[in-house]
Every structure is written in C-alpha cells, then in structure tokens.
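Quick notes on the structure that follows.
Labels below follow one simple rule: chain letters A, B, ... track the order of the sequence lines, proteins then strands, and each chain is numbered from 1. As a basis for the values below, the full set of heavy atoms in this structure was taken, side chains included, without hydrogen atoms, waters or symmetry mates.
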Amino acid sequence: MLKNLVIVESPAKAKTIEKFLGKDYTVRSSFGHVMDLSKKNMGVDIEHDFEPKYEISADKKKLVSELKKLAKDAELVWLASDEDREGEAISWHLLNALKIKEAKSKRIVFHEITKQAILHAIENPRSIDKNLVDAQQARRVLDRLVGFELSPLLWRKVKPSLSAGRVQSVAVRLIVEREEEIKNFKSTSSFRTLADFRLKDSTAKQSFTAEYGLKFKTAEEAEKFLKTQIGANYKVNSVTRKPAKKSPAAPFTTSTLQQEASRKLGFSVANTMRIAQRLYESGLITYMRTDSLNLSEVAIQAAKEEIENTFGKEYIKTRRYTTKNKSAQEAHEAIRPTYMNRTGAGETREEQRLYELIWKRTIASQMSDAKLEKTVVEISSDKAEKNFIAQGEVLKFDGFLKVYIEGSDDENGEVKDGILPDLHTSDILELLQMVSKERFTKHPPRYTEASLVRKLEELGIGRPSTYAPTISTIQKRGYVVKETREGEKRNLRRFILKENEVKESKVTENTGAEKAKLFPTDIGVLVTHFLFEYFPDIMDYNFTANVEKEFDEIAEGRKAWNEMIKRFYGGFHEKVEDTLKNAGKYSGEKLLGQDPKTGKNIYVKIGRFGPMVQMGDTDSEEKPVFAGLQKGQSIETLTLEDALKLFSFPKNIGEYEGEPVTVAIGRFGPYVKHKNLFYSIKKDKIPATLTLDEAIQIIEEKREVERNKIIKVFAEDEKVKVLNGRYGAYLVIDKQNYKIPKGTDPTTLTLEDCYEISKDPKNMPKKRSFKRKK
DNA sequence: CAGTGAGCGAGCTTCCGCTTGACTT
C-alpha cells in the first residue's frame, strides 16, 4: 500500500523532490494541466451561467488513469502544483479527474526546490483555494469566448483559418503599428561636430575628443563654422569630476533570458527555451518559465561563497530583487544555476553558452557595484559661441563588471566615454582636427522576437510559458514574418578641418539593414485593422491589465467569476453578431488602374488564399481573371506594372525535347512546367524574363538531383526503392514511405529486408496532424 | 505541394496557459 502520493507539474521536479522526501513518498507529475474546456459548443454553457464543460485532455488520458490508480491506493494525496492561478486550477482538476476525496488530499506549495522548503510545505498544508480556481476559470472562459467568437468572424469576413485572441491580436497590433510609425517617419539630418584635442606644450601625447555644443542643420552652416575655427585658440574652461556607480541587473526571468540570449548569442526565443529546457532536465538550472526575481537563501549563500573564492570578499554584495511587474505570479525562483560553483556545464556548444550566460548573470547579481568617476570638461574657443564638451569615464572599481555586462538594444552607436588625460582649468589646448559629419535620425526600431516579448511583458500580456508559442503562432498564421533585409547605401557629407584647411569628403553608410526583425504581412495589417475597427476594446493595450484586476478581485473572493464573464460577454457577443450581419467582406481592395490593352479595372486585395490581383469587375458579365501575389510583394506597394506582369503567366517560352515549356506562378512561387513535371524557380532568377536556356538548365539540374536520390532499386519489384532524403535514407514501396531502423546500412538492404521493414508498424511515418484537402 | 478566387454549401479551421516528447521526406 502506497503511503503518500505527491503530484507536481513537472517530471524533472518530481525526480528532485522524491530524493528529498524519502521512500514513504511517491512523487509523480501531472505534466501541466490535465483538463481543459471541450472544443464543442465553446466548451461553455452560455445559457447557464457560463458553466464550463471540462474534459480530460486527449494526450493526458493515459496519464490520468495511471495517476488515478496510484491515488486510489494511496493513504494521502499531496497536490503540489505551482502556487499560482493555473497551479491551483491544476490541483482542483486533479481532484476531479482522479476522483480523490477531499479529505484524503492536502494542498501544498513551495517556491523553491530545496529540502527545507519542501519539508516546510509538508508541515503546512492547506486546502484548495476555490476563489483562486474561480479566477482561473474566469481567465480560461474569457480567452475561449474571445478566441472562439472572433476567429470564426475572421473566417467569414477576411479569410479562412485565421485566428484572433486576447494575446496574439495585440502582439500583431504592436508590429503593425510600429511599421506604420516607420512608414510615416521622416528622417532629418544634422551635422555633429567633433574635435580632437591635445594638451599644448606637454610631453603627454594623449589626445581626446570633444563635441561642439551645437548641431548644424545644413552643410553650409557646418562648413562655415569649421572655417571660423581656422587658427582659433582653445582652452579648458572647467573640469568637473563626479563619482558614479553602476549596479548589476537582476537575475534572469524567462523574458530577460530570452532578450539577453537574443542580443548576446543570437538565439531565437524558441531556441532559447528549447536549450534551457535541456539544461533544466539535466538538473543544471532551475525552472526556466518564471517571472520571479527571487533567489533562494541557499542559492544566495552559494553565490556569495563562489564570489569570495573566485574574486575576493570586496566583490560580494548580496541583494534581494523585487519585481515591479504587476502581473507577476512568482511561483518559482528566478532562473539560476543549480550549483553556483559549477562555472560551466552543458553538452552542446549552445547549452554551454546559455549556461554560462545564466551563471554570469546570477553571480553578477550578488556582486558589488562598479564605481566610476565621470569627468566633464568644457573647452572654449575664442572664435565660437558655444563650448566643446568632453566626457570621460574612469573605472575605479570594477565590481560586478568583472563578470557580466548587460546587453543593449540601442542601435545608435554613441561616442563612448573614454579616458581623458589629466586636465585642469586654463590649460591651453591644441586642435588636431575637427570633423563635422552629417547624421540622419533613425526611425523607431522594428521588433525582434525578444523585444516583442519584452513589450508584451511590460503590458502584462501573456505569461512566461506562452511568450515563445505566441511568437510562433503569429508567424504561423501569416500575420508576421521574421526577415533579414539588406540595407541601402546612403551618401553623407563630411567636412574636415585639418592643418588650417577645410575639406569636404563624401562618405557612404549602410542604412535600413535589418536582421531577424518582425515585419507585418498584408494579412496581418488587414486583420489588425478589422479587429481594431470593430473590437477596439479587445485590441486595447490595457485590456489584459483591466481584466487582470477583475481576476484579482475574484481571487480575493470579492466578485463572482461568472458575473464578471456575463458583464463582459453581453456587449461583446452583441458586437460579434452585429458585425457578422452588417459588415461586408473585408478584403482591403484597392483599384490600381486599368489594363492598357482592354481598359479593364485592375484591383489588388486579399482573397481566400491570400493577397492577389484581379482584372475585371466581379459584377461584370465576363468572369474576372485572378493571380496571386508573389513572395515579397505587398498590397501596399504593388504597382500597376507589377500587376500586369503577374497576369502575363502562364507563359509559353519554347520547346524542349519536343514538349512545350511554360513558366507560371503557383501557390509555392514561380515554377517551370515541362512534360507535366514542375520545377521551382529559385529566387535568383526573375520569372518574367526567364529564357528557354535558363529553363532547360533548371530542368536538368533537378534531374541530376533526382538521379542522386536513388540509393537502391530492385529489378524484381520496381515499386520498392531506397532513396536519399532530407533526413537521410528512407524506403518507398508503392508511394508509401517507411523509416529505416537506426543502425541499418541502407546500401546493404535486400528486397526481403525491405518487405520486413514495411511490415513493422514502428517504421510507418507518423501521420501529419493536418492534411490539406484538394 | 502546383494555377484556387464561384452559383451546391460538406466539414474544417480557432483561444490561452500548464507541461513534455515525437519526429519530420
């Protein structure tokens, strides 16, 4: 007979805790939520106080029946899911799904996985907090209602298979709006003047840079100013020294880890989470989905010891960080190494780099401030109205900077405060050179995955467990694309005063280059405008924050959850019905002009399959002709000329091997068609001007690849082939693919071996979850 | 994978938040 069954959310956690608790305790994991709303009829009975219809999630059925058996045998079941809204609901669902009597169960919580914390929790059990569960139900039902009423509305009014939701739609809005800001941004330029000085009549050769206190609007002004400085006298007017300090950043949360890994290691948000998961499962770091800045007392002590041993006592300054984030639930610790004295860990290079980042950030957070001395020197010219200013910074004590400097998203490379020579008031200076260079103002930066996460967190939208999935959803729906774009060269003007002469020189700089930035698509823009027009409340950046306040009131027992939902749903549902009935199709249609040959109208708009051009009117007798836009083309920038090119396909460009060769554009981009076979045209060729020779080359290249694909064929049975694919060798029998078991050399397979392989169901490829219909 | 955009009107898509594997042609 089982004495104690403890259920936590994560299996890695279960393993650790089992060690602390000894053999009277069996620790299992629920793998997160085990129940969810049914997908049928909203999963909510709207007529009867929004009663939720829960069911055991399909992928948890087996697990639940196992847990149920264990729970039945156990004397006592300890529900140890996380101490937050979702965790409370998980415990409540477990109670229901496992059919545990409440008297036989105890609810316990802990914020850190230390023996002390767990034993303390066991000694202080409580019962399930139904108010907190209700707050979760309100959250869950609200998200379901919003998502499952708005999405079908989009299917009807914009395009099938789209989606909308409290979190994703606002995420897309941020990107769409940022793009609009960028489009409306007018870049202006000004001239910034930097002078290099040196102490006159001194043996010290060290030069330093100072900036003139005025920027010039035009090249003429800049040039004129430099000319006035020929032969001018410079001296130090004043020197101000001020002590300053820098403090370390707090330990990592999910969001800050994603940002730093993006800035410093170039990891995507999903990649960071995948690698962190590996480190967590290997027991190297604490839980990676957290919004807490807390470190356990044990961890702080270990960090202190590590700092003392490696850097010395003067580098220690233990600190407790408190979150400013109102939506934080702090069910876990901050992300930190499990063992502070382990300076490196991880199997792959990626794991090692992420681990090192976490180690450094955590250690630095418990180190002393860096002490600096900031110096500001004002320099006057006897021929200029304003002064020149030089700023210097000297590090007096490095403190935490010894191990960690936080990254920055700032793209404007400012002149770094360097080290200044020892200067005093009235010192006479010698001018080495003076440069006035044009600088353009920069548009607000596009979001990266990580900076979008930061913004969402700032707005209190989404949770640590959903940042990465949200980013992937909005890309999967085609609202947003992550792209790297090359910049353009831009000419700048620059004037140099040197040896009593002012010369102009041209400089070019690269501008507008973007690396892995998020751009809205036509569909993203259209859906955002649609939702913003009809559902401004839901698209409001404060919507989540406002409903969170109500969830808190529910959690405190001051409000009934279904009352809150009822109040929200009334107006919302009415608006949905009204839009369904009264709003027309939302296609973003735009008249581009007329076809010069036929005079027919040419439109660009979003159709069932995405952006397209249309020649002729829908209500005319003749059916209009359609053509889809190509990758990289956009409704917003498409010209009449572009549209006419799209209508020129399919185009016959000649004959090869006695059969016609045509060029066309399909769902997957431009292609060459020959003898009923398709050959896609790569990006480096422009389909509109593709010659027959180029087409033949494409055909022959593909044939060559096809030939190399075959590893083995059998004369006895032509249907059986061993082929080389993207993921290595595989077997095909009569159009059905099979995996070849690991450790088998594909070149040695006999026909009999192949039949054997095809009989084992283990070798069947997994069915794709969604198959596109014709 | 491969040219769709329609007049039958099937049957499908979809939310957020909590967890890991499965496994790609």
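Annotation: ring pair (Phe, Tyr, Trp, His ring centres under 6.0 Å) contacts of Phe678(A) (sequence neighbours excluded): Tyr671(A). Residues satisfying the side chain to side chain donor-acceptor pair (under 3.5 Å) criterion with Asn562(A), sequence neighbours excluded, are absent altogether. Applying the ring pair (Phe, Tyr, Trp, His ring centres under 6.0 Å) test to His674(A) and every residue at least two apart in sequence or in another chain returns Tyr656(A). Partners of Lys651(A) according to the side chain to side chain contact (heavy atoms under 4.5 Å, CB included) rule, which considers only residues two or more places apart in sequence or in another chain, are Phe649(A), Ile653(A). Residues satisfying the side chain to side chain contact (heavy atoms under 4.5 Å, CB included) test with Lys575(A), not counting sequence neighbours, are Tyr534(A), Phe535(A), Asp578(A), Thr579(A). Considering only residues two or more places apart in sequence or on other chains, Asn546(A) meets the side chain to side chain contact (heavy atoms under 4.5 Å, CB included) condition with Asn542(A), Lys549(A). Scored by the salt bridge (Lys or Arg N to Asp or Glu O under 4.0 Å) test, Arg173(A) finds Glu177(A) as partners (sequence neighbours excluded). Looking at residues two or more places apart in sequence or on another chain, you find a side chain to side chain contact (heavy atoms under 4.5 Å, CB included) between Lys476(A) and Ser472(A).
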Where do N or O atoms of nucleotides 4-7 of chain B meet protein N or O atoms at under 3.5 Å, pair by pair?
from, atom 1, to, atom 2, distance (Å)
dG5(B), N2, Phe609(A), N, 3.4
dG5(B), N2, Gly610(A), O, 3.4

Review item, nucleotides 16-18 of chain B N/O atoms under 3.5 Å of protein N/O:
from, atom 1, to, atom 2, distance (Å)
dC16(B), OP1, Val167(A), N, 3.0
dC16(B), OP1, Gln168(A), N, 2.9
dC16(B), OP2, Gln168(A), NE2, 3.3
dC16(B), O4', Asp143(A), OD2, 3.2
dC16(B), O3', Arg166(A), NH2, 3.0
dC16(B), O2, Arg139(A), NH1, 2.8
dC16(B), O2, Arg139(A), NH2, 3.4
dC16(B), N3, Arg140(A), NH2, 3.4
dG17(B), OP1, Arg166(A), NH2, 2.9
dG17(B), OP2, Thr466(A), OG1, 3.0
dG17(B), O4', Arg139(A), NH2, 3.3
dC18(B), OP2, Ser465(A), OG, 2.7
dC18(B), O5', Ser465(A), OG, 3.4
dC18(B), O3', Glu9(A), OE1, 3.2
dC18(B), O2, His33(A), N, 2.6

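Using a 4.0 Å heavy-atom cutoff across all strands shown, Tyr280(A) reaches sugar-phosphate atoms only and no base atom. Among the protein residues, Gln614(A) comes within range of no part of the nucleic acid, since none of its heavy atoms lies under 4.0 Å from any strand. The residue Leu162(A) sits close only to the backbone: its heavy atoms come under 4.0 Å of sugar-phosphate atoms, none of a base. Among the protein residues, Ser151(A) comes within range of the nucleic acid bases, having at least one heavy atom under 4.0 Å from a base atom. Using a 4.0 Å heavy-atom cutoff across all strands shown, Arg477(A) reaches sugar-phosphate atoms only and no base atom. Nucleic acid contact for Pro11(A): sugar-phosphate only, since backbone atoms but no base atoms lie under 4.0 Å from a heavy atom of the residue.
Each side-chain hydrogen bond (donor to acceptor under 3.5 Å, both in side chains) pair with one or both residues in residues 136-153 of chain A, not counting sequence neighbours, appears once here: Asp36(A)-Arg140(A), Tyr54(A)-Gln137(A), Glu86(A)-Gln136(A), Glu86(A)-Arg139(A), Asp134(A)-Gln137(A), Arg139(A)-Asp143(A), Asp143(A)-Arg166(A), Glu149(A)-Tyr569(A), Glu149(A)-His573(A).
Classification of the Tyr586(A)-Phe530(A) ring pair by plane angle, with boundaries at 30° and 60°, yields perpendicular.
Between the CD atom of Gln277(A) and the C1' atom of dT19(B) there is a distance of 8 Å, rounded to whole Å. Rounded to whole angstrom, the span from the CD atom of Glu149(A) across to the P atom of dT13(B) amounts to 17 Å. Separating the CG atom of Leu677(A) from the P atom of dG3(B) is a distance of 14 Å, rounded to the nearest angstrom. Between the C1' atom of dT19(B) and the CE atom of Met273(A) lies a distance of 12 Å, rounded to the nearest Å. The distance from atom NZ of Lys39(A) to atom C1' of dC12(B) is 12 Å, rounded to the nearest whole Å. Here the C1' atom of nucleotide dT14(B) and the CZ atom of Arg156(A) are 15 Å apart, to the nearest Å. In this structure, Lys476(A) atom NZ and dT13(B) atom P are separated by 14 Å, rounded to whole Å. Distance Leu67(A) CG to dT19(B) P: 16 Å, rounded to the nearest Å.
For the 3.5 Å distance criterion, the side chains of Ser327(A) and Glu548(A) fail to qualify, holding no donor opposite an acceptor.
One cannot find a donor-acceptor pair under 3.5 Å joining the base of dT14(B) and the side-chain atoms of Ser163(A).
Checking Glu281(A) against Phe148(A), the closest nucleotide of DNA chain B that is more toward the 5' end is the one next to Phe148(A).
Separation of the P atoms belonging to dA2(B) and dT25(B) is 15 Å when rounded to the nearest angstrom.
The existence of a salt bridge linking Glu281(A) and Lys13(A) is excluded, since no basic side-chain nitrogen approaches an acidic carboxylate oxygen closer than 4.0 Å.
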>> Please convert DNA chain B into dot-bracket. A pair counts if it is Watson-Crick or G-U wobble with both distances under 3.5 Å; crossing pairs go in [ ] and bases paired with another strand get |.
In response: .........................
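Look at Ser10(A) and you'll find a side-chain N or O under 4.0 angstrom from OP1 or OP2 of dT20(B).
The shortest distance between side-chain heavy atoms of Trp561(A) and Phe551(A) does not fall below 4.5 Å.
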